[in-house]
2 protein chains.
Amino acid sequence: MSDLLERLRGRGWRMTAQRRVVAEVLDGEHVHLTADEVHARAVTRLPEISRATVYNTLGELVTLGEVLEVSTDRRAKRYDPNAHRPHHHLVCAQCGAIRDVHPSGDPLSDLPASERFGFTISGVEMTYRGVCPNCAAAA
Amino acid sequence: MSDLLERLRGRGWRMTAQRRVVAEVLDGEHVHLTADEVHARAVTRLPEISRATVYNTLGELVTLGEVLEVSTDRRAKRYDPNAHRPHHHLVCAQCGAIRDVHPSGDPLSDLPASERFGFTISGVEMTYRGVCPNCAAAA
DNA sequence: GCTTGACTTAGACATTGTCCATTGTAGGAT
DNA sequence: ATCCTACAATGGACAATGTCTAAGTCAAGC
């Protein structure tokens, strides 16, 4: 678990209580939290941590490539600590639950040159949408 | 071009000046506008149209399946009038330009049952990211 | 041309995110 | 161990986007 902290320290990240708490929150829960959810959990461990710091720290972690930003809907961005294994997402249209998925096939090779419009393609995100078993049962 | 207006009228949509203007703005420009951009263009034709009405009308068009909502980033949702041909998007990471693309292959069949977690899958969105020729030249 | 219920309006409000000036502090230097 | 200083945290204002509501307006059917 402190892999993340070790890596960060090794990159010259100045370690503060706030950053440690944010990193631990992300590292501890392998779900996809919003910035405010991260803040809420961080506050239970370090009550005086500010919202701005959480936003800053999350932004730094994204820049460092340690977490991914996921925007599956119009609402808040979510933060995905599983940045080291490429994957896509499956989202429940009703409750918003998110699962990581690993489709077969290579979507990059599915985009012919004629459809690239001269862009230099760097990646692709896939978001599958559907209804999760819980919501289907409730309906 | 008034295909859209005809279809809407045929579905019992009450036709008002505001709705007509919003539909015309979307129908006229085959780019992906934000709600506020739609509002700005609508205002030039109908100065007293309100922001709330534009939001309402866009929401109704989405519900009716006449336009698609596209969230390619954390910023505003964009509205895609090309709802009748399935397609995906290619976004410039620098300037935010969006192109419609049509990858080959079927991403739905690329998700094995073992990766579906019991979800009933209804669709998939793909967002290719890269740098457009303009931004690449400017760099 | 009435009537009526759906539509529009303006602006307050909510949510999410960013900025900035001030204060605090981690970690190297002494 | 203590001091310095650059970097980080704070909190509160601000910005961008979107939603809601109460009151007024109007399209479409009679």
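Note that the coordinates shown come from a computational prediction; the quantities given were computed from them, not determined experimentally. First the proteins, then the strands, lettered A, B, ... as listed; each starts at 1.
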Partners meeting side-chain hydrogen bond (donor to acceptor under 3.5 Å, both in side chains) with [X] (sequence neighbours left out):
X	value
B:Arg116	none
B:Arg85	none
B:Glu66	B:Arg7, B:Arg11, B:His84

Where at least one partner belongs to residues 95-109 of chain B, residue pairs that pass salt bridge (Lys or Arg N to Asp or Glu O under 4.0 Å), sequence neighbours excluded
none
Which residues, if any, of residues 43-61 of chain A bring a heavy atom under 4.0 Å of DNA chain C?
A:Arg51, A:Ala52, A:Tyr55
Name the first nucleotide and the last nucleotide along DNA chain D (5' to 3') that come under 4.0 Å of a heavy atom in chain B.
D:dA16 to D:dA28
Does any part of the side chain of B:Thr34, heavy atoms only, come nearer than 4.5 Å to the side chain of B:Lys77, both counted from C-beta?
no
Under 4.5 Å between any side-chain heavy atoms of B:Val62 and B:Tyr79, yes or no?
yes
Going by number, which of residues 12-22 of chain A have a non-hydrogen atom under 4.0 Å from DNA chain D?
A:Arg14, A:Thr16, A:Gln18, A:Arg19
Qualifying residues under side chain to side chain contact (heavy atoms under 4.5 Å, CB included), relative to A:Arg51, sequence neighbours excluded:
A:Asp36, A:His39, A:Tyr55
List the residues meeting side chain to side chain contact (heavy atoms under 4.5 Å, CB included) with B:Val131, not counting sequence neighbours, and say none if there are none.
B:Gln94, B:Cys135, B:Ala136
Give the C-alpha distance, both sets of side-chain angles, the deciding distance and a yes or no for salt bridge (charged side-chain N to carboxylate O under 4.0 Å, His left out) between B:Glu125 and A:Arg129.
CA-CA 8 Å; B:Glu125 298 154 22; A:Arg129 298 193 182 273; 2.4 Å; yes
How would you list all residue pairs meeting ring-ring contact (aromatic ring centres under 6.0 Å, His included) that involve residues 85-108 of chain B, not counting sequence neighbours?
B:His32-B:His89, B:His87-B:His89
How would you list all residue pairs meeting ring-ring contact (aromatic ring centres under 6.0 Å, His included) that involve residues 104-132 of chain A, not counting sequence neighbours?
none
Taking A:Leu68 as the starting point, is it possible to reach A:Leu4 by hopping between hydrophobic residues whose side chains are less than 4.5 Å apart?
no
Nucleotide range of DNA chain C lying under 4.0 Å from chain A heavy atoms
C:dT15 to C:dG27
